[in-house]
Amino acid sequence: MMKTLKAPLALLIASALMMGGCGDGDDGKDGQPGQPGQPGDPGAPGSVGLHIDMAQEAIAEIKGATYAEGIITLEFELTNAQGIGLYGLDGSNPFHDFRFSVAQLAAEGNVKQWQSLLNETTNDAGTTFEQGFEKLNDCPDCLQDNRDGSYSYRFHTNLLQWQDPAGIAFDPALTQRLAIEMQFEYDSGHELAENAHYDWIPASGAQEGVETRELLLMETCYTCHQPDSLKAHGGRRLDLENCQSCHNGLVSDPEGVSVELGHMIHAIHMGPNRQGKDDQGNVVPMPYTVSGYHGPHAFDYPAFPTKPFMDCTVCHTGDESLADADLWLKDANANACIGCHTDSPAQHNSAKNPQLACTDCHSGVDHRKHGAPYDAAAGYSVTVSNILVNADNLLEMDIQVTDAEGGLVTIDEVYQQGYSNPYIVVSWDVEKDYPAQLVTLAGEGFSEGTTYEHRRFSLKGDGSTTYADGTFHLTTEKVKRGTTYTLDLPADIAQRTLEVLPLVKVCFEANSSVRTDCSSEGAYPAYVQSAPLRTILGDSEAQVPQRRAIIDEANCLGCHSKEFYHDSNGANCIACHTNDKKLVDVEVDHQPTGYLKSSSFMYKAHKAEGHDNGHGGSGTLLKTDCMTCHSAEQGWGGFDYGFELGRNAGSALTVPSTVKEKDVAQTWYASPDVGACMSCHQKYLSDAAMSHMISNGGYFGDDKAQAQAAQEACAVCHTPDKVMAHHGHKL
């Protein structure tokens with residue numbers, strides 16, 4: 001049974017009265033409208049973009065600046081690589097280490113120097129200084145976050161009232177450089193670092209066409225260095241402009257040693273070659289030594305790989321985009337001079353006179369002249385002609401050295417001293433990196449007469465060559481230290497690729513392009529970097545394949561400039577330093593120790609002191625980044641990388657059985673991929689790692705045939721991408 005809800009009696013009566021009123025009665029006047037309500041509090045502006053703590057990288061740009069009565073306000077933006085604004089920068093956040101600095105450019109004639117402001121003293125006597133900063137953590141309220149990646153920061157220092165300890169007075173009519181630097185180091189290990197700068201004149205507000213000081217490009221530094229190796233002060237300092245404004249003529253270490261950028265860079269790059277005179281006038285090594293937070297540090301290791309050391313144009317390239325590209329030629333900054341030469345240079349004949357600056361006497365110096373012999377040699381050529389195989393199965397050929405006009409260079413103008421012998425190196429199978437041992441792949445015998453010692457011949461002094469009327473005639477048989485070396489040619493040499501590589505120096509007058517007899521006083525030798533002759537004797541019209549693209553020669557020459565350690569001709573080091581070249585004695589003070597080391601190009605390049613940053617090297621570059629030196633060429637399936645594994649099967653690398661100093665090494669052999677890895681890692685290689693290599697087909701031992709026959713599977717897993725990633729980099 002359904003129940004019916006019943007309304008209360010009072011409610012029914014009231015309803016009836018109301019219904020009756022609607023039909024018959026008067027409802028009276030309408031009431032007055034109510035007052036409008038008060039506006040509510042505005043909500044916080046919405047955020048657009050990505051919170052900065054979620055960003056993988058930060059890109060900063062200063063958009064503008066204003067100035068009024070000693071106070072600077074700057075506007076800047078932070079974005080990620082995709083251009084998305086990064087909001088949330090907060091001075092109250094302990095991880096948000098964000099700083100602002102100011103420097104002004106003082107110019108007087110050819111002398112132009114940045115002067116840092118907000119300076120701080122660095123020693124107890126208050127006599128040395130460094131640039132100071134306004135730190136966001138010290139004034140969180142100075143920052144306005146627009147919540148879209150754009151910000152405004154108002155300096156809390158009034159620069160007109162600031163009493164600088166270095167005595168620098170702020171001048172709003174001069175070019176001022178505002179710089180920002182950030183370095184966030186989160187507990188998770190994630191880091192964000194970025195620099196930015198803005199040059200402008202506060203008094204006028206001008207930003208275009210202002211006076212500046214631009215001598216170098218950071219990209220020039222990257223010719224030798226890598227970005228990671230130039231991140232200074234724990235990774236905080238990244239940009240050259242930030243370095244310039246801080247490392248200016250005012251700043252020094254607590255002992256008063258200048259750390260002005262020009263002085264410091266010149267001094268560091270001299271490395272162990274920097275010399276001066278002590279108080280007694282003796283010539284002594286004076287490597288640049290600065291006192292930092294962890295005590296004094298001497299830059300006494302190899303630091304500048306180019307020769308000659310005075311080849312200033314390696315850095316001062318004269319790029320037309322630089323407003324002051326030629327300022328270094330004005331010899332206006334004596335502090336830069338003593339960076340290389342010290343304040344008591346070893347070559348100076350008189351005692352130091354503190355009243356004189358270098359430029360008072362040496363104002364006409366042109367450091368570009370030191371490169372004149374190299375510039376001249378660039379127009380010279382070494383020509384190889386009339387190659388034949390004689391009845392004794394030896395190669396014969398004619399060789400001429402000519403100048404830019406075709407004039408013949410005489411034998412007395414060809415340099416010979418120590419390592420610098422005028423050599424001709426003969427190789428075949430050049431498309432296989434000149435490995436004579438690969439002859440065995442065709443089932444042929446391998447003879448001692450095809451090793452490096454049997455393939456190199458001097459134009460002067462080993463009996464292989466005669467000279468007449470400007471022409472050297474060479475036969476591939478020589479005598480060295482009483483031993484006769486005869487080149488053993490493969491039977492099918494006429495069908496193989498053949499290379500004849502000249503390594504010849506010509507003598508010039510010092511700082512000059514004028515050729516001279518090498519016995520002349522001050523004669524300066526420079527390499528003739530002619531391309532090697534590559535041919536197939538049986539088919540002179542054939543297209544000769546090039547050797548495998550392993551090294552990017554432009555990278556080698558870009559850093560090493562005009563000359564390598566010895567025998568420089570382009571970057572053909574592999575012609576002599578083949579992977580099967582015999583081991584050599586490790587020498588200490590020019591005395592053999594009985595320990596052995598590899599002399600192959602791969603080992604020498606990987607072990608070179610200046611190439612090693614991972615285990616106590618110079619920090620010039622990061623050896624772990626393979627693309628520092630290796631090539632990348634477009635192939636049919638994408639890029640072919642010069643360090644790709646699995647491409648040299650059938651060869652054996654000659655390596656020492658151990659690199660431990662307490663053990664005398666024997667001559668052992670490694671399969672190609674194992675040898676490549678060991679060229680860096682042998683010193684640190686564990687038994688487990690070696691077992692992994694062997695279980696994947698590699699070989700390391702005293703049997704050369706087993707090394708050649710190894711079937712390595714390393715390339716299956718260790719692709720170029722993964723090799724780079726394993727070393728902490730990306731392709």
Side-chain angles (χ1 to χ4, degrees), residues 226 228-229 433 550-551 573-574 577-581 583-584 586 595-630 641-649 651-704 706-708 710-731:
Q226 290 172 290
D228 283 350
S229 71
D433 303 336
I550 299 175
I551 299 298
C573 309
I574 192 67
H577 295 278
T578 56
N579 287 334
D580 64 329
K581 191 178 178 185
L583 305 182
V584 296
V586 175
Y595 301 108
L596 298 176
K597 65 179 180 180
S598 173
S599 58
S600 76
F601 176 63
M602 177 171 60
Y603 265 74
K604 290 175 75 68
H606 285 175
K607 294 293 186 183
E609 188 172 359
H611 288 186
D612 187 351
N613 193 38
H615 301 283
S618 72
T620 299
L621 51 79
L622 298 179
K623 187 180 67 173
T624 53
D625 183 354
C626 308
M627 296 309 297
T628 302
C629 301
H630 284 282
Y641 294 97
F643 59 95
E644 187 173 353
L645 299 178
R647 301 196 306 176
N648 207 15
S651 63
L653 279 62
T654 305
V655 293
S657 59
T658 179
V659 292
K660 296 180 179 179
E661 293 182 0
K662 64 179 181 180
D663 297 326
V664 177
Q666 300 175 359
T667 297
W668 277 18
Y669 305 93
S671 51
D673 291 352
V674 170
C677 295
M678 290 178 64
S679 65
C680 285
H681 294 285
Q682 186 174 7
K683 184 177 181 180
Y684 314 97
L685 207 60
S686 66
D687 292 340
M690 180 57 68
S691 176
H692 172 75
M693 294 181 184
I694 294 173
S695 65
N696 283 277
Y699 177 81
F700 175 58
D702 59 2
D703 191 330
K704 185 174 184 178
Q706 288 194 53
Q708 291 175 289
Q711 300 294 312
E712 296 174 309
C714 308
V716 175
C717 295
H718 296 284
T719 63
D721 279 323
K722 291 184 178 179
V723 170
M724 287 285 283
H726 182 71
H727 291 91
H729 302 280
K730 294 180 181 179
L731 281 178

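Start at 1 with the first residue, then count along the sequence. The basis for the numbers below is simple: all heavy atoms, side chains too, and nothing from hydrogens, waters or symmetry mates.
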Interatomic distance, Phe601 atom CZ to Lys581 atom NZ [nearest 0.5 angstrom]
12.0 Å

To check you understand the geometry: which heavy-atom pair defines the closest contact between Ala710 and Tyr699, and what is its length?
CB-CB, 4.3 Å

Rounded at 0.5 Å granularity, tell me how far OH in Tyr641 sits from CG in Leu731.
4.5 Å

For Asp703, enumerate each residue passing the side chain to side chain donor-acceptor pair (under 3.5 Å) test, keeping only those at least two apart in sequence or located in another chain.
Gln706

For the pair Val584 and Leu596, evaluate side chain to side chain contact (heavy atoms under 4.5 Å, CB included) and give the outcome as yes or no after the intermediate values.
CA-CA 5 Å; Val584 296; Leu596 298 176; over 6 Å; no

Any idea which heavy atoms bring Asp580 and Thr654 closest together, and the distance?
O-OG1, 3.3 Å

Working to the nearest 0.5 angstrom, can you tell me the gap between Lys730 NZ and Asp625 CG?
12.5 Å

The reported gap from OG in Ser598 to CG in Asn579 (rounded to nearest 0.5 angstrom) is 8.0 Å

Mind checking whether Ile551 and His630 have side chains closer than 4.5 Å, heavy atoms only?
yes

Mind checking what makes ring pair (Phe, Tyr, Trp, His ring centres under 6.0 Å) contact with Phe700, not counting sequence neighbours?
Trp668

Quick one: pull up CD1 in Ile550 and CG in Asn648 and give me the separation to the nearest 0.5 Å.
7.0 Å

With sequence neighbours left out, what residues match Ser679 under side chain to side chain donor-acceptor pair (under 3.5 Å)?
His606

Side chain to side chain donor-acceptor pair (under 3.5 Å) partners of Glu712, counting only residues at least two apart
Ser671

Does His577 reach the main-chain N or O of Ser599 with its side chain, forming a donor-acceptor pair under 3.5 Å?
yes

Out of curiosity, Leu653 CG to Ser600 OG, how far, rounded to the nearest 0.5 Å?
6.0 Å

Any Val674 side-chain heavy atom under 4.5 Å of Cys677 side chain:
no

Leu583 and Lys597, any side-chain heavy atoms less than 4.5 Å apart
no

Pair up each side-chain donor or acceptor in residues 688-698 with any protein partner under 3.5 Å, not counting sequence neighbours, and list the distances.
residue	atom	partner	partner atom	Å
Ser695	OG	Ser691	O	3.1
Ser695	OG	His692	O	2.9
Asn696	ND2	His692	O	2.8

Between Tyr669 and Val655, does the side chain to side chain contact (heavy atoms under 4.5 Å, CB included) criterion hold? Intermediate values first, please.
CA-CA 6 Å; Tyr669 305 93; Val655 293; 5.8 Å; no

Got a list of side-chain donor-acceptor pairs under 3.5 Å for residues 714-727, not counting sequence neighbours?
residue	atom	partner	partner atom	Å
Thr719	OG1	Lys722	N	3.3
His727	ND1	Val723	O	2.7

